[in-house]
Amino acid sequence: MITFSKSIKGSSHDDNGKPMQDWSEHLYLEDYKADILLVSDGHGSDKHFRSDRGARFAVEAAKEGLVEFLKDFDPILPEETFRQRGIQGVKDSTHEDYTPHDEYEREFRQLFENIKFRWCEKVVKDWAENVPLDKELNYPGMQGKKMDLLYYEKGREVVAYGCTLIAAVKTPNYWMAFQLGDGKCIAFHADGTWYEPIPWDSRCFLNITTSLCHEGSESFRYCYGNTDCPCLFIGSDGMDDSYMPLDKLAEFYGLVIRVVAENGVDYATEQLIKMMPIISEKGSHDDISIAFWLDDNVVLPLSKAILSRRLDSLETDSKEQESNKKEAESRRVEVTERTKQLQQESGVYENKRSELDRKMKKVQEDKKKAEEDFNVATFLYEDAKKNLDQVISVFDNLEKLSSENERAYENHLREVCVAEEMFREIEKEIQAFEKKITQDFEEMTNIRKILISLGL
């Protein structure tokens with residue numbers, strides 16, 4: 001059995017001054033013929049400033065707990081048994097609730113309680129023996145801030161060590177995997193298909209995760225069985241955040257299997273270790289941990305199966321792309337025809353536009369002329385009004401004069417007759433002016449009607 005584990009520091013940790021907060025190990029227990037994979041991811045937020053130690057303690061606690069567990073755990077399972085157990089009342093990513101009856105759940109919960117107890121024991125001991133130093137409470141990434149130690153009193157010191165945990169075990173009779181928090185576990189069947197054996201916890205979303213520093217044994221998810229599982233990978237969330245969606249991560253792990261098959265395990269793991277910092281820098285920028293087992297007896301057929309499925313996938317993609325290409329060509333012809341039609345319609349619209357421009361120009365000219373005529377009419381009206389005012393003024397003066405000379409009427413009868421004759425002449429002029437004013441007003445009214453009909 002080929003086993004491997006490696007953790008590397010994320011590129012962002014070089015910028016913020018934080019240490020590597022992942023921890024991973026793989027080991028073989030000869031007494032139980034058991035291969036074990038372990039990955040823990042320390043939380044990155046400021047309040048978990050000792051999560052690097054917490055991750056290491058989690059791996060140590062899991063190793064110790066599994067040694068005790070494997071002494072007595074020997075499940076009797078029907079052939080091809082595979083069981084999953086999620087968290088009561090919490091849906092996984094496919095909205096399934098993996099909480100079937102499981103006669104071995106008690107043993108698993110005892111294992112998880114043992115791991116949690118051992119982890120807390122290590123954390124409390126470390127906190128008591130190693131008082132937090134200023135460089136821990138005020139590292140460069142905190143931008144001058146300092147953690148308040150009062151926050152960690154009364155049993156809350158475990159928060160400083162917060163981390164996740166993923167583990168997998170393979171024995172000759174069965175295999176099992178369990179998890180608390182984020183990260184991904186991906187397993188491969190011998191036919192090259194992949195799947196997530198551990199039910200997902202929907203409470204783990206983006207940078208939010210469940211943690212050993214908060215949850216108890218009830219928040220562990222697990223699976224076990226005696227089904228075919230020649231290869232299994234576990235990784236911290238720095239890895240799956242670099243390969244999204246999940247099938248891209250499975251594709252990368254499939255590539256690792258193929259490199260092992262074609263070039264040997266030493267070359268493959270050497271290249272993988274070189275690639276991990278690059279994956280972090282170009283992907284999540286977070287710490288990255290990978291651990292896997294790979295049955296060396298089936299690595300070649302498994303690699304061929306994965307490659308065959310990849311070729312089938314590529315052929316399917318090629319056919320789909322060819323179909324899309326034909327559809328695009330058909331669409332291009334339709335677009336070309338529509339473009340020609342639009343160009344023809346554009347010519348028609350251009351002609352209509354030119355005609356409308358000419359009409360608009362004529363309307364503007366008519367409007368200008370109407371405005372000029374209106375101005376002339378207004379001027380004539382104002383002039384006639386002025387003349388009328390003058391006539392009225394003369395009439396008023398004459399009336400005043402007539403009143404003043406009324407006493408001398410008899411003596412000036414001849415002059416009055418002459419004045420009356422003048423008055424009659426003046427009335428004729430007034431009538432002529434009034435007639436002229438009426439005509440001018442009617443003409444002005446007609447001009448306004450013309451302007452209104454033109455929408456001006």
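Heads up: numbering here begins at 1 and tracks the sequence.
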Is the shortest distance from a Lys or Arg side-chain nitrogen in [X] or [Y] to a carboxylate oxygen in the other one below 4.0 Å?
{"X": "Glu103", "Y": "Arg83", "result": "yes"}
{"X": "Lys325", "Y": "Glu329", "result": "no"}
{"X": "Glu105", "Y": "Arg109", "result": "yes"}
{"X": "Lys361", "Y": "Asp357", "result": "no"}
{"X": "Asp126", "Y": "Arg50", "result": "yes"}
{"X": "Asp373", "Y": "Lys369", "result": "yes"}
{"X": "Lys362", "Y": "Glu365", "result": "no"}
{"X": "Glu68", "Y": "Arg118", "result": "yes"}
{"X": "Lys274", "Y": "Glu270", "result": "yes"}
{"X": "Glu251", "Y": "Arg310", "result": "yes"}
{"X": "Lys125", "Y": "Glu129", "result": "yes"}
{"X": "Arg309", "Y": "Asp191", "result": "yes"}

Can you tell me if [X] uses its side chain to pair, donor with acceptor, with the backbone of [Y] under 3.5 Å?
{"X": "Asn324", "Y": "Glu320", "answer": "yes"}
{"X": "Arg258", "Y": "Leu300", "answer": "no"}
{"X": "Asn226", "Y": "Pro78", "answer": "yes"}
{"X": "Ser289", "Y": "Gly235", "answer": "no"}
{"X": "Thr269", "Y": "Val265", "answer": "yes"}
{"X": "Asp286", "Y": "Gly10", "answer": "no"}
{"X": "Gln179", "Y": "Phe220", "answer": "no"}

Have [X] and [Y] got a donor and an acceptor in their side chains that come within less than 3.5 Å?
{"X": "His26", "Y": "Ser5", "result": "yes"}
{"X": "Arg203", "Y": "Ser219", "result": "yes"}
{"X": "Ser284", "Y": "Ser242", "result": "yes"}
{"X": "Ser7", "Y": "Asp22", "result": "no"}
{"X": "Ser51", "Y": "His43", "result": "no"}

Task: CD/Glu371: more than 12 non-hydrogen atoms of other groups inside 6.0 Å - done: yes

- [ ] May I ask you to check whether Phe441 and Tyr381 place their ring centers less than 6.0 Å from one another?
- [x] no

- [ ] Would you check if the distance from the ring center of Tyr224 to the ring center of Phe82 is below 6.0 Å?
- [x] no

Task: Candidates Leu66, Leu38, Asp35 - the one meeting side chain to side chain contact (heavy atoms under 4.5 Å, CB included) with Leu27 - done: Leu38

- [ ] Specify whether Phe233 and Tyr253 have parallel, tilted or perpendicular ring planes, treating 30° as the upper limit for parallel and 60° as the lower limit for perpendicular.
- [x] parallel

